[in-house]
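Per chain, numbering begins at 1; letters A, B, ... match sequence-line order.
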Amino acid sequence: MSIILIKKVIRKSIVQSIKSCDYDLNINEKDIKLDETKNKDIGDISTGISFVLSKKNQQTPIQIAQNIIENISINKNLIIKISVSKPGFINFHLNIKTLYENLFQIIIKNKKYGQSSIGTNKKALVEFVSANPTGPLTVGHGRQAVLGDVVSRILEFNGYSVEREYYYNDAGRQMRVLEESIKSRFIQIFDEKNEFPEDGYFGEYIEDIAKDILIKELELKNLKELNIFLTNLNASDKKLHLKNIDRINFRKFGEKVIFNNIKNTLKRININFDNFINEQKFYDDGSIDSILKIFEKTKLSYKKDGAVWLKTSNFGKEVDTVIIKNTGEPTYRLPDIAYHTNKIKRGYDLIINILGADHKDTVPDVLNGVKALGFEINHIKVLIHQFVSLIVKNEKIKMSTRKANFVTLDDLIDMVGVDITRYFFIMRGKQSHLNFDIDLAKKESDENPVYYLQYAYARICNILKFLDEEVNLELKKTNFNLLIEKEEISLMKCLNCFDEIIIDSLNTLEPQTLANYLQQLATSFHKFYANHRVINKNKELTNSRIKLILSAKIVLENGLDILGINHPEKM
RNA sequence: GCGCCUGUAGCUCAGCUGGAUAGAGCGCUAGCCUCCGGAGCUAGAGGUCACAAGUUCAAAUCUUGUCAGGCGCACCA
């Protein structure tokens, strides 16, 4: 029986016992907090409920604990022993049979082991990355990309059918600046003195795009040919080439190149989006107009200084917010509201939006706007993650695509590989302000914790290769009772917790919970491996241990699959 | 100035719905392969859990204040 169900049984038994002891306290099962004990000699699961009870009842915690365990009735097949310790804890000792039974379940269920049915027949939408195509994805985007993908995988493991969605805007100010930047670099090819826009995109990729455009214009094959062409150019030729510049669509070309690059990068780290949604859609289908009319009608918006304002002060904000500039152009909030109502109308059971900390303050505006339009928003979850800071020569640098002080996600993948890239971002909580030191990343990549997990997996695969044909591996004939060593038991206990970890990561949507668990599991396996031989002269014991490591293999595999990390059989 | 996030070992970070002796990796010190992979295992050094008060039987965890850092507070997205 899984740890979740065992805990349920314990809670129920405690509540019944408390009632039969006539203690004065209204307590239900949810109030009984159960903890894993650190020291397994004391017990496996403990509770401090006696401390709570001793307050209203004139007895010491120890006395209460004694009373509770004297009056408790609990299935001996699950809990073999209950004890009281020091100031008044009640400790439950698991019956080892439950661990054996769990191994059996793991092997039967295999890839399905640990899955819950919470999301069965439910649809979820996860929106993430959503970077406008103004430059390559940076390690900053990488954090969000991996977080979003793993959140999606957690949902899928729990039965949800998930759509991954990327929302972008290729019409705003950013894109105009991009266009000017490319154009300026293009002109600079012929006229070095041409001024580059002060707030332009300074990255080298802009020059590359400009050159690509020229290569295409001149119908050349590659950069080499272009360089030859340019060295042979005289002054009057240069002017000639700048003459036709207005018919070139710099923005469109740039967008195409950059978007391809972004999609490529995502593909490299095994992230595949189902939908790409362009903001323009909501102008075209009239939803922005109709929302505007509703706001006007319900007096949630008003005109002032030539602009249209949304009364965000009605939602508890200090000031109102402009939704249409005096130029007649909407700010991003309006299409965002339209987009979110569109998400809701598409009928998902769960809508997740992953955003960087810089967007946090806009969330209430959008959600309140959607709510004001009469939509239910309880099934929308917004996950905020903190930034990745770049450490260069021991100094923190804020990454900016515009200022071109960033490390691209592609560079990171080139340096350390896909698995370490993914693991790097999910082994830490999304609220941590990550420091990314590129030199350290290179240096540590050989010693990275992700290898520790993969090594455990590869070791298991390797052992299985040495199996003697004479060993009877029939599951029903397996004598689990032979697994009694300390390391075997702690490995089995670890395996027993997987389903709880899964539920936990579903509730919190924090992937690092799972990453931490897998580290523990790998440790537990490596310790077992170091102390005991799986394949040994005793064929019956060999079979039992094979079942144990097979279970570890299955759980490692299921866990790594959720994290989207490979588990090679050889390293 | 206001709001949100963070401060834990030399470094990078777990632990945070309060529970028993605060953990991991890297780095440092010393051990362990006749034997299924030493990318591993064992032992050790290293901590006023930023600081201060409070709540509690119990605080790294909750509350308040202070200090330090990140991010917001646009007719940018």
Practice item. Tell me what A:Ile323 touches on the nucleic acid: a base, only sugar-phosphate, or nothing, going by heavy atoms under 4.0 Å. Key: nothing
**Study point:** Under 4.0 angstrom between A:Lys325 side-chain N/O and B:C76 OP1 or OP2
**Key:** yes
**Study point:** Listed nucleotide nearest any side-chain atom of A:Thr331, set B:C76, B:U6, B:G38
**Key:** B:C76
Point to revise | Pair of N/O donor and acceptor under 3.5 Å linking B:C73 base with A:Asp361 side chain | key: no
Check your understanding: Under 4.0 Å between a side-chain N/O of A:Lys527 and OP1 or OP2 of B:U42, yes or no?
Key -> yes
Review point. Under 30°, 30 to 60°, or over 60°: which ring-plane class applies to A:Phe51 and A:Phe89, parallel, tilted or perpendicular?
Key: perpendicular
Review point. Do the side-chain N and O atoms of A:Asp504 and A:Thr513 include a donor-acceptor pair separated by under 3.5 angstrom?
Key: no
**Study point:** Counterpart base for B:U66, defined by Watson-Crick or G-U wobble contacts under 3.5 Å
**Key:** B:A50
Check your understanding: What integer distance in Å separates A:Phe89:CZ from B:U21:P?
Key -> 9 Å
Review point. Closest to the A:Ala357 side chain: B:C71, B:C36, B:C75?
Key: B:C71
Review point. Choosing from B:A77, B:C76, B:U12, which nucleotide comes nearest the side chain of A:Arg428?
Key: B:U12
Exercise for review: May I ask you to say what A:Gln512 touches in the nucleic acid, namely base, sugar-phosphate or nothing, with a heavy-atom cut-off under 4.0 Å?
Suggested key: sugar-phosphate
Exercise for review: For A:Gly48, report the nucleic acid contact type (base, sugar-phosphate, nothing); a contact means any heavy atom under 4.0 Å.
Suggested key: base
Check your understanding: Is A:Thr47 near enough to B:G19 that one of its side-chain N or O atoms lies under 4.0 angstrom from OP1 or OP2?
Key -> no
Review point. When the P atoms of B:G44 and B:C5 are considered, how many whole Å apart are they?
Key: 39 Å
Review point. In whole Å, what separates the C1' atom of B:C51 from that of B:A68?
Key: 11 Å
Point to revise | Protein-nucleotide distance (A:Ile426, atom CD1; B:C13, atom P), rounded to Å | key: 16 Å
Point to revise | Minimum-distance nucleotide to A:Ile535 side chain [options: B:G69, B:C36, B:A77] | key: B:C36
Revision key, fill the gap. Pairing partner of B:U34, by Watson-Crick or G-U wobble and under 3.5 Å for both distances, is none
Practice item. Answer syn or anti for B:C26, where the cut-off is 90° from 0 on the glycosidic torsion. Key: anti
Practice item. Identify whether any heavy atom of A:Thr523 sits under 4.0 Å from a base atom; if not, whether one sits that close to sugar-phosphate; answer base, sugar-phosphate or nothing. Key: nothing
Check your understanding: Taking the side chain of A:Glu279 as its heavy atoms from C-beta onward, which of B:A77, B:C5, B:C75 lies nearest to it?
Key -> B:A77
Point to revise | A:Gln59 and A:Tyr23 side chains, donor-acceptor separation under 3.5 Å | key: yes
Exercise for review: Check every strand shown and say whether A:Asp437 touches a base, only sugar-phosphate, or nothing at a heavy-atom separation below 4.0 Å.
Suggested key: nothing
Point to revise | Closest to side chain of A:Asp358, choosing from B:C75, B:C71, B:U6 | key: B:C71
Review point. Counting only distance, no hydrogens or angles, is the base of B:C41 paired donor-acceptor with the side chain of A:His526 under 3.5 Å?
Key: no
Review point. Counting side-chain heavy atoms from CB outward, which of B:A14, B:C75, B:C57 is closest to A:Lys55?
Key: B:C57
Review point. Side chains of A:Gln454 and A:Asp419: do they bring a donor and an acceptor to under 3.5 Å?
Key: yes
Revision key, fill the gap. pair_partner(B:C2), Watson-Crick or wobble, both distances < 3.5 Å, evaluates to B:G72
Point to revise | Nearest-angstrom distance from the residue atom CD of A:Gln519 to C1' of B:C26 | key: 13 Å
Review point. When the ring planes of A:Phe424 and A:Phe436 are compared, do they come out parallel, tilted or perpendicular, using 30° and 60° as the limits?
Key: perpendicular
Practice item. Between B:C62 and B:A20, how far apart are the P atoms? Round to whole Å, please. Key: 16 Å
Review point. Taking CD from A:Glu36 and C1' from B:G15, how many angstroms apart are they, rounded to a whole number?
Key: 14 Å
Check your understanding: Under 4.0 Å: is that the gap between some side-chain N or O of A:Asn435 and OP1 or OP2 of B:C13?
Key -> yes
**Study point:** P-based separation of B:A9 from B:A22 [nearest Å]
**Key:** 14 Å
Practice item. May I ask you to say what A:Gly429 touches in the nucleic acid, namely base, sugar-phosphate or nothing, with a heavy-atom cut-off under 4.0 Å? Key: sugar-phosphate
Review point. For atom P, what is the distance between B:U17 and B:A52, given to the nearest Å?
Key: 23 Å
Study note, to complete from the structure: Of the candidates B:C13, B:G38, B:C36, the side chain of A:Tyr455 sits closest to B:G38
Check your understanding: A:Arg333 side chain N/O closer than 4.0 Å to the phosphate oxygens (OP1, OP2) of B:A77?
Key -> no
Point to revise | Greater than 12 external heavy atoms within 6.0 Å of A:Lys527's NZ | key: no
Check your understanding: Between B:G19 and A:Lys33, is there an OP1 or OP2 to side-chain N/O distance shorter than 4.0 Å?
Key -> yes
Exercise for review: Evaluate the ring planes of A:Tyr166 and A:Phe259, with Trp represented by its six-membered ring, and classify them as parallel (under 30°), tilted (30 to 60°) or perpendicular (over 60°).
Suggested key: tilted
Point to revise | Distance, rounded to the nearest Å, where A:Phe424 contributes CZ and B:C26 contributes C1' | key: 13 Å
**Study point:** Whole-Å P distance, B:G7 and B:A60
**Key:** 14 Å
Review point. Over how many whole Å does the gap from A:His340 atom NE2 to B:A77 atom C1' extend?
Key: 14 Å
**Study point:** C1' gap between B:G15 and B:C49, integer Å
**Key:** 11 Å
Practice item. Test for a donor-acceptor pair under 3.5 Å between the base of B:A20 and the side chain of A:Ser85, counting only N and O atoms. Key: yes
Check your understanding: Ignoring hydrogens and angles, are the base of B:A74 and the side chain of A:Thr321 linked by a donor-acceptor pair under 3.5 Å?
Key -> no
Practice item. Specify the residue among A:Glu329 and A:Asn531 whose closest nucleotide of RNA chain B lies further upstream toward the 5′ end. Key: A:Asn531
Review point. Just checking A:Arg533: base, sugar-phosphate only, or nothing, at a heavy-atom cut-off of under 4.0 Å?
Key: base
Practice item. Using the C1' atom as the reference point in each nucleotide, state the distance between B:C11 and B:A53 in Å, no decimals. Key: 32 Å
Check your understanding: Is any side-chain nitrogen or oxygen of A:Lys360 closer than 4.0 Å to OP1 or OP2 of B:C71?
Key -> no
Practice item. Could you tell me whether the side chains of A:Asn543 and A:Lys539 share a donor-acceptor contact shorter than 3.5 Å? Key: no
Practice item. Look at A:Tyr452 and B:C41 and indicate whether a side-chain polar atom (N or O) is within less than 4.0 Å of OP1 or OP2. Key: yes
Check your understanding: Is it true that the side chains of A:Tyr302 and A:Asp320 contain a donor and an acceptor less than 3.5 Å apart?
Key -> yes
Review point. Between A:Glu279 and A:Tyr339, do the side chains contain an N or O donor and an N or O acceptor separated by less than 3.5 Å?
Key: no
Practice item. Identify which nucleotide among B:A20, B:G38, B:U6 has an atom closest to any side-chain atom of A:Thr37, counting heavy atoms from C-beta outward. Key: B:A20
Point to revise | A:Gln174 side-chain proximity, nearest of B:G70, B:A77, B:C36 | key: B:A77
Check your understanding: With a centroid cutoff of 5.5 Å and a plane-angle limit of 30°, would you call A:Phe51 stacked on B:C57?
Key -> yes
Check your understanding: Does A:Asn91 make a side-chain donor-acceptor contact with the base of B:A20, cut-off 3.5 Å?
Key -> yes
Review point. Which part of the nucleic acid, if any, lies within reach of A:Asn516 when heavy atoms closer than 4.0 Å are counted: base, sugar-phosphate only, or nothing?
Key: sugar-phosphate
Revision key, fill the gap. To the nearest angstrom, the CD-P distance between A:Gln280 and B:A77 comes to 14 Å
Check your understanding: Please give, in whole Å, the distance from B:A77 P to A:Tyr332 OH?
Key -> 8 Å
